[in-house]
Amino acid sequence: MDTHVVILAAGKGTRMKSALPKVLHRVAGQPMIEHVLAQAAALNPRSTTVVVGHEADTLKTALASHQGLAFVVQEPQRGTAHALLTAESALRGHTGTLVLLSGDVPLLSAATLKRLVNRHSSAGAAASVVTAVVEDPGGYGRIVRSGQPGEPIARIVEDRDATASEREVSEINSGIYAFALEGLFDAVRSIAAENAQREFYLPDLVAIYRQRGLGVETVTVSNPDEIRGINSRIELAAVSRIVRDEKTAELMASGVTIEDPATAYIDRGVSIGADTIVHPGVSLEGFTTIGEGCEIHSGVRIVDSQIGDRVTVFNHSVITNARLADDVRVGPFAHLRNETDVRAHARIGNFVELKKTVLGAGSKSMHLAYLGDATIGEKVNIGAGTITCNYDGTTKNQTVIGDGAFIGSDTQLVAPVKVGKGAYIGSGSTIREDVPSGALAVSAGKQRNIEGWVAEKKGRGQRVRG
Ligand code: UD1
Ligand code: CA
């Protein structure tokens with residue numbers, strides 16, 4: 001049987017107090033709706049439709065890279081039942097099961113969704129609801145059963161519309177459902193807006209189906225964190241915390257030392273090898289991979305980068321979109337970015353920035369340097385204060401440095417320029433022309449000493465003051 005997915009994401013998210021659509025707020029580094037789209041994909045659906053409304057264009061643009069997503073616009077937003085109705089045109093003529101997800105419920109597991117679909121189809125239900133028993137059900141719709149807990153579900157009542165005794169119910173509606181497509185939209189059309197908010201509530205469908213004698217199943221999750229909805233920034237932080245805790249627990253179980261899991265910010269897409277040590281206050285983001293036996297010191301931020309084995313990154317270094325081979329040492333206070341490629345055993349020290357640069361195996365740049373658009377060979381020594389002048393005001397130009405070259409401190413390499421293998425450059429040089437292999441290049445002027453100059457200057461100063 002076909003499965004179709006509809007994701008509700010049209011609401012304003014008033015409680016976020018944000019100009020950004022709620023579902024684009026990031027949970028552990030990724031917009032919350034991306035977590036939901038990943039859940040949807042795990043079902044291999046025939047179609048996935050996103051209901052947008054508030055800030056619809058921003059949301060569509062943010063999701064443009066997803067192939068095959070359909071969008072429908074709900075304007076104005078008159079409740080979750082009304083939202084589902086706007087998707088009717090996208091599903092016309094289809095049969096099978098519709099799985100309804102909420103753009104603001106990012107932690108649902110693929111296993112739970114599969115359990116929902118299986119239960120729904122094996123029971124031949126008209127609707128199935130994911131529920132959870134929680135300690136603090138405040139704000140959620142409550143599951144009202146016809147008798148004792150475990151009896152069939154009778155209806156769902158929203159928090160605002162519930163009686164005092166209904167509010168005592170600790171079983172809540174997750175807002176995640178499976179529906180038989182047949183007859184669904186006609187039934188949804190019969191929902192009335194007779195409630196505190198004057199909105200069309202999708203959960204009212206449960207009572208309608210039950211009154212008609214149709215089967216409504218429930219699937220209860222054992223871990224209620226899975227169905228946490230995000231309505232405020234406090235909930236956003238709480239849910240992000242859950243994701244991070246899961247991630248650090250998973251990494252520690254696989255042999256990574258995380259000195260202080262409470263201050264490790266490690267995105268879901270990050271992988272780390274065994275015996276790597278992560279110090280407090282480290283951010284590892286995006287699709288970063290880190291090898292085995294590495295040490296990442298406090299204050300380091302690494303984004304979308306590949307780090308080999310036995311690499312040490314000292315404090316407060318920032319590495320984005322770079323590759324570091326095995327046995328590299330970086331920092332403290334280094335900045336590596338934009339397709340930088342550091343080869344095995346190379347060393348980068350403090351206040352060194354590399355951009356779009358290859359630093360060859362065993363090469364060193366230990367202090368105060370800018371190396372941009374450069375290809376640097378093996379075993380090259382880059383002296384303190386070396387700068388590639390890669391930008392001439394219109395274009396970025398290349399610097400090429402051969403194996404074994406020695407670049408003296410405070411050298412400016414005015415690109416495009418080449419330094420041959422084994423060449424030496426004297427300190428303080430401005431290199432505008434290529435240097436042949438094995439040559440020494442010096443460009444600083446000859447030194448001049450003026451004897452007695454200091455005493456004379458002081459004498460002049462006294463006369464001026466007097
Ligand atoms: C909803 C459920 C509640 C459940 C809770 C679980 C209803 C009436 N209530 O409440 O039973 O316990 O989720 O988290 O459904 N949306 C639209 N268009 C609209 C209104 C909402 O697309 O007109 C979207 C929102 O963007 C959001 C989702 O539907 O992604 C849920 O809406 P929200 O207003 O957050 O519902 P809750 O009050 O959380
Ligand atoms: Ca919600």
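Note that ligands are numbered from 1 as they come in the structure, with each ligand's atoms numbered from 1 the same way.
- Closest heavy-atom contact between Arg212 and Ala187: NH1-CB, 3.8 Å.
- Ring geometry for His94 against His4 counts as tilted: the plane angle lies between 30° and 60°, on a 0 to 90° scale.
- If you check each of Ser174, Gly79, Pro137 against atom 14 (O) of ligand 1, the one with the closest non-hydrogen atom is Ser174.
- Of the options Ile227, Leu100, Asp104, Ile191, the smallest heavy-atom separation from atom 35 (O) of ligand 1 is shown by Asp104.
- Short contacts between ligand 1 and Tyr201, defined as distances under 4.0 Å to a heavy atom of the residue, involve ligand atoms 8 (C).
- Checked for salt-bridge contact, Glu55 and Lys60 miss the test: no charged N lies under 4.0 Å from a carboxylate O.
- Checked by atom type, the side-chain pair Thr131/Glu171 shows a donor-acceptor distance below 3.5 Å.
- No part of Val23 comes within 4.0 Å of ligand 1, judged by heavy-atom distances.
- Here atom 17 (C) of ligand 1 lies nearest to Gln74 when heavy atoms of Gln77, Gln74, Met32, Arg78 are compared.
- Ring geometry for His82 versus Phe200: interplanar angle of 30 to 60°, hence tilted.
- Of the candidates Arg15, Glu158, Glu75, Glu158 brings a heavy atom nearest to atom 3 (C) of ligand 1.
- Using a 4.0 Å cut-off to heavy atoms of Ala83, the atoms of ligand 1 that qualify are 17 (C), 18 (N), 22 (O).
- Side-chain contact check for Thr388 and Asn390: no donor-acceptor pair (N or O, by modelled atom type) lies under 3.5 Å.
- Under a 4.0 Å heavy-atom criterion, Asn231 is in contact with ligand 1.
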